[in-house]
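Written out below as structure tokens is the structure these notes cover.
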Amino acid sequence: MPAITLVGAQWGDEGKGKATDLVGDRVDYVVRYQGGNNAGHTVVIGDQKYALHLLPSGILSPNVVPVIANGVVIDPGVLLEELRGLNERGVDTSRLLISANAHLIMPYHRALDKVSERFLGKGKIGTTGRGIGPTYADKVSRQGVRVQDMFDPKILRKKIELALHDKNQLLTKVYNRRGLEAEPIIEEYLGYAEQLRPYVADTSLILNKALDEGKTVYLEGSQGTLLDIDHGTYPFVTSSSPTSGGAAAGSGIGPTRITKVVGILKAYTTRVGSGPFPTELLDEQGEWLRTQGGEYGVTTGRNRRCGWFDAPIARYATRINGVTDFFLTKLDVLTGLERIPVCVAYEVDGVRHDEIPMTQTDFHHAKPVYEYLDGWSEDITGVRTFDELPKNAQAYVRTLEEMAGAPISAIGVGPGRDETLQLRSLV
């Protein structure tokens, strides 16, 4: 059976949790393959809302094995707190698997993340301050601490003491902050080891065996295409690869086993943090979108920046990820608009660009070129088939599909689990 990858097709926050939850009863494994607790998914089941940060959305489906794979960076304290919160609400979390090769976020990573952002001032990236970037930096520079290191006290001690030799120099001499002591950190993480030991496994081996046995594996990215470290709006990006190419490396599944890539598109556009955003609305229309769509970060609570749908970004996501199907979310938010602008191209210094400009400089100066589509006023949250949508809503979907370059196979018409139209199977 194939592996299926789910990716954000904009700047994240597109509604990936809803998409994963939608297919939860038809897949066997849901795998988080990158990022950390700097992102979040909101899943609504009945009158219950669940905010997930590190845990895959599949944790809420009783027949799914949720996996935190090697490409994720884990804050053990946050993970255990999230597990406790779900257990208290009656959710069975015993099926969770955690890769022994995943890297750990350490207290010095969080300290450096926060202080370095403050020192950047107006040039700040807009990180969440949760230590994600510094953890990935240590991973790449081969100084990271992995989950498996917690089970060998000698290795754990050696790695933490070596790391603090450098990190404390930065904290005290560059940032004028107090250094950290090794002993409390070592004791804290040895304590985490015993709590997390039952979940830790060779997840790459387990996932490949599952595929060999004909089971379905769903690979769930966090953030979005335009936040990818290689393909996003650098340097205003995350520190990992949320695109479909990152799914193979981040899970230990060979790329030839991935046969479907589902891109999640919001019916408009949002982003959190700094960086270019051509269709951003800084007026009452932007505030209207934010209010109607509940555009506040699941993890941070920060206001999301809001703007109209951007077709060049959707085409870019199709190309970079090899998108085979799109899930269009939050179509209901646009209800009540007489006309809906859609960005079809950019203008940079008088020159039209139908695709994202090659350079960061040009993209920062890009001005949207809009076409206007007729809106609708009918409530669509109760609609369950495409033909039941108002004609103008149908036309909006079909236009976006044509502009994006891949079929729209599902449409979100409300936040609830059942408020979704399925045109084609996502599995």
Side-chain angles (χ1 to χ4, degrees), residues 7-14 34-35 39 120-127 133 221-246 261 263-283 285-286 289 295 304-324 326 328-329 340-373 396 399-406 408:
V7 297
Q10 295 156 318
W11 274 286
D13 307 311
E14 301 95 348
Q34 52 76 223
L120 284 171
K122 292 182 179 179
K124 67 182 180 180
I125 304 300
T127 76
S222 63
Q223 289 107 10
T225 299
L226 274 295
L227 291 177
D228 187 275
I229 187 69
D230 284 298
H231 303 292
T233 49
Y234 190 90
F236 304 100
V237 293
T238 193
S239 303
S240 58
S241 295
T243 45
S244 61
V261 178
I264 312 302
L265 275 176
K266 200 174 282 185
Y268 47 100
T269 311
T270 63
R271 82 169 292 176
V272 172
S274 306
F277 184 179
T279 68
E280 182 174 15
L281 298 166
L282 301 173
D283 55 14
Q285 286 185 310
L289 278 176
E295 297 298 349
R304 293 174 185 149
R305 300 159 64 190
C306 297
W308 302 120
F309 187 85
D310 190 316
I313 283 176
R315 285 195 294 275
Y316 181 77
T318 302
R319 184 170 75 249
I320 293 296
N321 294 292
V323 171
T324 59
F326 276 118
L328 184 71
T329 62
I340 307 172
V342 173
C343 173
V344 297
Y346 310 117
E347 185 180 285
V348 182
D349 296 329
V351 177
R352 180 182 170 115
H353 292 253
D354 291 313
E355 306 294 343
I356 293 178
M358 181 181 70
T359 68
Q360 175 186 323
T361 300
D362 281 351
F363 196 48
H364 269 279
H365 292 95
K367 299 185 184 305
V369 176
Y370 286 117
E371 289 184 2
Y372 294 85
L373 303 179
Y396 185 79
T399 300
L400 266 53
E401 181 178 62
E402 182 179 350
M403 290 178 176
I408 291 174

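Proximity of C343 to D310: side-chain heavy atoms (C-beta onward) are separated by under 4.5 Å at one or more points. Residues M403 and V342 are in side-chain contact: their nearest non-hydrogen atoms beyond the backbone lie under 4.5 Å apart. Residues T233 and F277 have side chains not in contact (no heavy-atom distance under 4.5 Å, counting atoms from C-beta outward). Side-chain contact between Q360 and P235 is present, with heavy atoms from C-beta onward closer than 4.5 Å. For the pair D228 and V237, the minimum side-chain heavy-atom distance is 4.5 Å or more. Residues I229 and Y234 form a side-chain contact, since some pair of their non-hydrogen atoms from C-beta on lies under 4.5 Å apart. Side chains of W308 and L281 form a contact here, defined as non-hydrogen atoms less than 4.5 Å apart. Counting heavy atoms from C-beta on, the side chains of F363 and H353 never come closer than 4.5 Å.
R315 contributes atom CZ, which lies 13.5 Å from atom CD1 of I320 (distance to the nearest 0.5 angstrom). For the atom pair CD (E401) and CG (L328), the distance works out to 9.5 Å, reported to the nearest 0.5 Å. The distance from the CD atom of E371 to the OG1 atom of T399 is 8.5 Å, given to the nearest 0.5 Å. Note: L289 CG to R304 CZ = 12.5 Å, rounded to the nearest 0.5 Å. Here the CD1-OH distance, from I340 to Y372, works out to 12.0 Å after rounding to the nearest 0.5 Å. Note that the OG atom of S241 and the NE2 atom of H231 stand 7.0 Å from one another [nearest 0.5 Å].
The salt bridge (Lys or Arg N to Asp or Glu O under 4.0 Å) test applied to E280 returns R305, not counting sequence neighbours.
Of the possible polar contacts, none joining the T243 side chain to the T225 backbone as a donor-acceptor pair under 3.5 Å is found. For Y396 (side chain) and A267 (main-chain N/O), a donor-acceptor pair under 3.5 Å exists by modelled atom type. Judged purely by atom type and a 3.5 angstrom limit, T318 uses its side chain to pair as donor or acceptor with the backbone of A404. A donor-acceptor pair is defined here as one N or O able to donate and one able to accept, closer than 3.5 Å; such a pair exists between the side chain of D283 and the backbone of Q285. For Q10 (side chain) and L226 (main-chain N/O), no donor-acceptor pair under 3.5 Å exists by modelled atom type.
Minimum interatomic distance between Y268 and G307 (heavy atoms only, all atoms of both residues): CB-O, 3.3 Å. Across all non-hydrogen atoms, the minimal contact from A314 to F309 is CB-CZ, 3.9 Å. Of all the heavy atoms in P357 and D362, the pair that sits closest is CB-CB, 3.5 Å. Nearest heavy-atom pair, S239 versus G133, reported as atom, atom and distance to 0.1 Å: OG-CA, 3.2 Å. Of all heavy-atom pairs between G35 and Q223, the closest is CA-OE1, 4.2 Å. Taking every heavy atom of both residues into account, P368 and Y346 meet most closely at CA-CD2, 4.3 Å.
Atom CD of E402 sits in a sparse spot, with 12 or fewer heavy atoms from other residues, nucleotides or ligands closer than 6.0 Å. Enclosure of atom NE2 in H365 is not indicated, since only 12 or fewer non-hydrogen atoms of other residues, nucleotides or ligands lie within 6.0 angstrom. D349 CG: 12 or fewer foreign heavy atoms inside a 6.0 Å radius.
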For this session: List the steps and the verdict of side-chain contact (heavy atoms from CB on, under 4.5 Å) for V344 and V369.
Result: CA-CA 6 Å; V344 297; V369 176; 4.2 Å; yes
